[in-house]
Visitor: 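Here you go, one structure.
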Amino acid sequence: MTTPLCPFPIQAVRQPAVHGLSQITKSLYLSNAVAAKDKAMLSTNHITTIINVSVEATDTFFEDIKYVKVRLADAPNSRLYDFFDFIADHIHSVEMKQGRALLHCAAGVSRSATFCLAYLMKYHSMSLLDAHAWAKSCRPTIRPNNGFWEQLIHYEFKLFSKNTVHMISSSLGMIPDVYEKEICLMSLMG
């Protein structure tokens, strides 16, 4: 596994909890739905756009913040791939205007993390493996579901004509190889 160099001029605070905002780049943050409604936290972090990629999380609208909602279920067969370019392009446009985007779903673990990885691949030319390592170092709780991994693998191939993450067979079915060590440890402990 490769370890990403710090490609972003940020002083990201590593947050081991699922609460709060996790800074991914100088203009992109990930969170859960609860944090996306915390006016003080949004203000402190100068959030200008909130992107909600869930069905179940409702928005609380604050003045001077733009909102984007893409209704997607947290199910392996949800077609996030169809929105990878739209969301990545939108995050990039916020960055070009010196704004800050907060990307969230219900828990800030699977759907929003998946879009974050797509954005890092498209606009920061990171491989999927490096994008995952970087995002996980910023928000350790991320864990896209296996269906989303398959879509990310397809997207990485579309962008770079190669893959750095592969789906492999395990005792739990097909999983991305980035989870292989974790599954092995679980089986040793179980």
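Source: prediction; values computed, not measured. Values reported hereafter were calculated over all heavy atoms of this structure, with side chains retained and with hydrogens, waters and symmetry mates removed.
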Visitor: Is the closest side-chain heavy-atom distance between Val70 and Ile87 below 4.5 Å?
Guide: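 Side chain of Val70 against side chain of Ile87, heavy atoms only: contact under 4.5 Å found.
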Visitor: Would a 4.5 Å heavy-atom cut-off, applied to side chains only, mark Leu120 and Ile24 as touching?
Guide: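 They are in contact (side-chain heavy atoms under 4.5 Å apart), so the answer is yes.
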Visitor: Do the two ring centres, one from Phe115 and one from Phe84, sit under 6.0 Å apart?
Guide: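 So the answer is yes for these two rings.
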Visitor: Shortest non-hydrogen contact from Ile168 to Asp177?
Guide: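 That closest heavy-atom pairing would be CD1-CA, 3.9 Å.
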Visitor: Taking the ring of His124 and the ring of Tyr119, is the distance between their centroids below 6.0 Å?
Guide: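 Ring centres of His124 and Tyr119 closer than 6.0 Å.
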Visitor: Do the side-chain N and O atoms of Glu156 and Thr164 include a donor-acceptor pair separated by under 3.5 angstrom?
Guide: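 Yes - a donor-acceptor pair under 3.5 Å links their side chains.
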Visitor: Find out whether Lys122 and Asp89 are in side-chain contact, i.e. whether some heavy atom of one side chain is under 4.5 Å from a heavy atom of the other.
Guide: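 Answer yes - side chains close enough.
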Visitor: Specify the closest pair of heavy atoms between Ala73 and Val55, including all atoms of both residues, with the distance to one decimal.
Guide: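 Taking Ala73 first and Val55 second, the nearest heavy atoms are N-CG2, 3.5 Å.
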Visitor: With a 4.0 Å cut-off on N to O distance, would you call Lys37 and Asp59 a salt bridge?
Guide: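 Salt bridge absent between Lys37 and Asp59.
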Visitor: Please determine if Glu56 and Arg111 form a salt bridge, counting it only when a charged side-chain N lies under 4.0 Å from a carboxylate O.
Guide: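 Yes, Glu56 and Arg111 are salt-bridged.
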Visitor: Nearest heavy-atom pair of Cys116 and Leu28: which atoms, and what distance?
Guide: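 Closest approach of Cys116 to Leu28: SG-CD2, 4.0 Å.
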Visitor: Please report the closest heavy-atom contact between Pro144 and Leu117, naming both atoms and the distance.
Guide: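 Scanning both residues, the minimum pair turns out to be CG-CD1, 4.2 Å.
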Visitor: So does Lys66 have more than 12 non-hydrogen atoms from other groups sitting under 6.0 Å from NZ?
Guide: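 Atom NZ in Lys66 is not packed in, count stays at 12 or less.
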Visitor: For the residue pair Ile51 and His90, establish whether any side-chain heavy-atom pair is separated by less than 4.5 Å.
Guide: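 They are in side-chain contact.
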Visitor: Return the minimal non-hydrogen interatomic distance between Ala35 and Met41, and the atom names on each side.
Guide: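 Minimum heavy-atom contact is CB-SD, 4.3 Å.
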Visitor: When rounded to the nearest 0.5 angstrom, what distance separates CD in Gln23 from OH in Tyr29?
Guide: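 The CD atom of Gln23 sits 3.5 Å away from the OH atom of Tyr29.
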Visitor: Where is the tightest heavy-atom contact between Val53 and Leu103, given as atom of each residue plus distance?
Guide: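 So the minimum-distance heavy-atom pair works out to CG1-CD1, 4.1 Å.
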Visitor: Would a 4.5 Å heavy-atom cut-off, applied to side chains only, mark Leu102 and Thr49 as touching?
Guide: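 They are not in side-chain contact.
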Visitor: Within the structure provided, determine whether Phe160 and Leu128 are in side-chain contact (heavy-atom separation under 4.5 Å).
Guide: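 Contact flag for Phe160/Leu128 side chains = no.
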Visitor: Going by heavy atoms in the side chains, are Asp64 and Thr48 under 4.5 Å from each other?
Guide: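 Answer no - side chains too far apart.
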Visitor: Give the C-alpha distance, both sets of side-chain angles, the deciding distance and a yes or no for side-chain hydrogen bond (donor to acceptor under 3.5 Å, both in side chains) between Tyr179 and Asn146.
Guide: CA-CA 10 Å; Tyr179 295 159; Asn146 294 341; over 6 Å; no
Visitor: Is the shortest heavy-atom distance from the side chain of Asn52 to the side chain of His104 under 4.5 Å?
Guide: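 Heavy-atom side-chain distance check passes, below 4.5 Å.
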Visitor: Please tell me whether Ile153 and Val178 are part of a single hydrophobic cluster in this structure, the criterion being side-chain heavy atoms less than 4.5 Å apart.
Guide: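 Shared cluster, yes.
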Visitor: Can you confirm whether or not the ring centre of Trp149 sits under 6.0 Å from the ring centre of His132?
Guide: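 That pair passes the under 6.0 Å test.
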